[in-house]
Amino acid sequence: MTPGEFLALAMFLSFIGLVFTGFPIAWVLGGLAVLFTAIAIVFEIDLGLATGVDWRYSSLVVDRIWGVMENWVMVALPMFILMGLVLDRSGIARDLLTSVARLLGPVRGGLAITITLIGVLLAATTGIIGASVVLLGLLGMPVMLDKGYDRSLAAGTVCAVGTLGILIPPSIMLVLMADRMAMSVGDLFMGAVLPGTLLSLLYIAYLLGVGLLQPSRAPAARGEPIDLGAVLDLVKAIFPAALLILAVLGSIFFGIATPTEASGMGAAGALLLAWMKGVLTPAVLSEVMQETTRTTAFIFAVLLGATAFSLVLRGLGGDELIERALLSLPFEGGGIVICILLATFILGFFLDWIELTLIVLPLVSPVVTGLGFDPVWFTVLFAVCLQTSFLTPPVGLAIFYLRGVAPPGVTVHSIYRGVVPFILIQLFGLLIIFLWPALVTWLPARAFG
Amino acid sequence: MAIRNLPDTRLSRIIDPLLDRVGRAASWLWLVLLLVIVGNVLLRYVFGEGRVELEELQWHLYSLGFLLGLAYAFQADAHIRVDVLSERFSARTRAWLELYGLLLALLPFIALVLVYSLPFVWRSFELSEVSQAAGGLPFRWAIKAALPLGFLLLLLGALSRLSRVWSFLFGAPPEHRP
């Protein structure tokens with residue numbers, strides 16, 4: 001190991017250690033970049049050990065930030081965030097839940113399936129695990145518990161669906177991943193469609209199964225019988241929002257609009273829906289704009305910190321170190337991928353997808369593509385793996401967020417028990433995607449010839 | 001987890017409302033950005049071609065938005081923290097960690113970006129740099145200047161927080177602090 005690589009390792013370990021101080025991750029990353037530049041200079045000048053990193057090198061961070069500023073694709077990020085927030089704050093999400101619940105309520109397990117469908121439709125755009133789990137927890141948990149659902153089943157559903165949202169396009173995680181991997185956002189969106197659908201279908205199958213085999217855990221709601229009115233209500237509630245999201249995805253899919261344009265049109269469409277619903281007051285509008293600023297800013301803060309961190313880590317030879325370590329594993333290509341996924345899974349216990357996407361993904365992806373694997377396939381695997389890790393006790397992020405908003409009586413223990421079947425489903429899904437890469441690569445190939 | 005009940009100081013009573021106002025004002029940039037995107041898409045479909053300057057304006061607005069947002073999010077304490085462990089610490093321990101974090105991580109990072117971004121903007125100004133694209137926007141230095149501007153606001157936010165953490169830890173009445 002060269003002195004530089006030794007410092008690179010120390011830098012990465014310091015990062016892992018220091019995130020637990022609870023200081024904002026963005027600044028931990030940026031601070032370590034400065035600190036390790038200073039240490040590298042001490043190594044070079046006082047110890048005579050060449051490291052290749054000095055202030056001149058680290059000043060490149062300014063050019064890198066400028067690269068982020070003039071990146072036109074990333075403009076989609078705040079616009080998708082805005083779209084998600086408008087759908088949430090305008091009550092469109094709530095309407096959807098009530099009307100679908102009315103339709104599916106009489107089916108055993110129907111309420112949990114409703115949560116799954118709504119989560120897939122809407123959580124996609126909020127993109128932050130915390131936000132979607134909190135939204136579904138506040139919206140869905142009381143309804144399910146009220147109708148006599150088993151606590152752990154309800155909690156497990158909310159955690160799993162809330163994290164599934166980050167995988168379903170148009171998710172902002174996929175926009176950021178595509179940017180870091182220098183691949184087309186459209187390709188990655190399309191690559192994630194079938195795996196995301198597969199996982200949601202597996203969830204629904206599981207919930208129907210529970211309803212069938214253990215009816216007491218997911219009872220049918222005795223409500224008004226379904227009449228034409230209920231169906232009309234449903235169409236009225238679901239149609240605009242579904243149309244909006246399909247239009248956004250469709251225009252990217254068929255090459256009609258770039259992701260940036262689609263995001264802007266999507267946000268405009270969401271505002272239009274809210275305005276037609278009569279809920280777009282000036283107060284709501286300004287609150288949504290400010291929330292967009294806060295969410296965008298904290299994501300970009302991590303992005304800037306991670307840019308500085310990765311720059312210095314790379315300068316110290318961190319990427320060669322990772323590459324050598326991975327290639328020296330006693331496995332074939334597939335085994336190396338599994339090792340990377342396992343490491344990601346463990347890191348996902350305490351880091352959100354933003355840090356992992358920005359720091360770990362760019363470090364490992366050259367190795368994986370160097371081995372001849374499809375980058376889109378690997379990125380989707382990485383994403384599903386992250387999602388699984390957010391669900392996993394004792395420290396899964398989704399569990400923490402749900403604990404904060406769950407109604408009294410829902411213990412941590414019942415959440416733990418609830419997520420286990422979903423983790424098994426996730427691992428099964430991960431295995432399928434691993435064994436059949438075509439599940440990911442087929443759709444992008446068709447969409448763009 | 002953020003530390004609750006940090007005392008306000010004379011400094012923070014000046015800075016925090018300022019950052020709040022800048023952040024609220026900057027938030028309307030998203031609406032402008034949205035209109036520019038919609039306008040450009042309409043132009044493309046009605047007249048067959050979009051405008052390069054509108055496309056460039058989009059990332060100008062977006063980068064201005066997130067850079068001005070940094071300090072706003074900081075002041076509102078919206079930045080992601082991992083609080084698995086730290087939520088069990090006492091308020092005092094958390095304040096100490098916050099103090100070290102500000103002094104050893106955030107302030108050095110801000111210094112790095114400020115020290116090197118000012119010459120970066122100055123170079124662009126001296127060269128009267130404009131967009132490389134035909135029909136692109138002039139005054140490239142102006143949008144480049146958004147970078148030090150955003151970090152300058154963040155510096156103000158960091159100093160305000162520092163004064164509040166200091167006052168919490170060392171207990172001097174806030175009036176005696178500059």
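Numbered from 1 within each chain, the chains take letters A, B, ... in sequence-line order. The structure displayed is predicted, hence computed values, not measured ones.
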Determine whether the aromatic ring centres of B/Tyr62 and B/Trp59 lie less than 6.0 Å apart.
no
Residue part contacting chain A, namely of B/Val113, when any heavy atom lies under 4.5 Å:
both
Side chain, backbone, both or neither: which part of A/Ile256 has an atom under 4.5 Å from a heavy atom of chain B?
both
Heavy-atom distance under 4.5 Å to chain A: side chain of B/Glu55, backbone, both or neither?
both
With a 4.5 angstrom heavy-atom cut-off, is it the side chain or the backbone of B/Tyr45 that approaches chain A, or both, or neither?
side chain
Partner chain A: residue of B/Leu104, B/Leu61, B/Leu107, B/Leu102 with the largest heavy-atom pair count (under 4.5 Å)
B/Leu102
List the atom pairs, with distances to 0.1 Å, where a side-chain N or O of residues 147-161 of chain B and a protein N or O form a donor-acceptor pair under 3.5 Å, not counting sequence neighbours.
| residue | atom | partner | partner atom | Å |
| --- | --- | --- | --- | --- |
| B/Ser160 | OG | B/Asp16 | OD1 | 2.8 |
| B/Arg161 | NH1 | B/Glu98 | OE2 | 2.6 |
| B/Arg161 | NH2 | B/Phe74 | O | 2.9 |

Would you say the ring centers of B/Trp96 and B/Trp166 fall short of 6.0 Å from each other?
no
Would you say CZ of A/Phe345 has more than 12 non-hydrogen atoms from neighbouring residues, nucleotides or ligands within 6.0 angstrom?
yes
Side-chain donor-acceptor contacts of residues 25-38 of chain B below 3.5 Å, not counting sequence neighbours, with atom names and distances?
| residue | atom | partner | partner atom | Å |
| --- | --- | --- | --- | --- |
| B/Ser27 | OG | A/Thr293 | OG1 | 2.7 |
| B/Ser27 | OG | B/Gly23 | O | 2.8 |
| B/Trp30 | NE1 | A/Thr293 | OG1 | 3.0 |

Hey, which of A/Ser286, A/Ser263, A/Ser59, A/Ala301 has the most heavy atom pairs under 4.5 Å with chain B?
A/Ser59
Contacting region of B/Tyr116 [heavy-atom separation from chain A under 4.5 Å]
both
Among B/Glu56, B/His60, B/Arg140, who wins on heavy-atom pairs under 4.5 Å with chain A?
B/Arg140
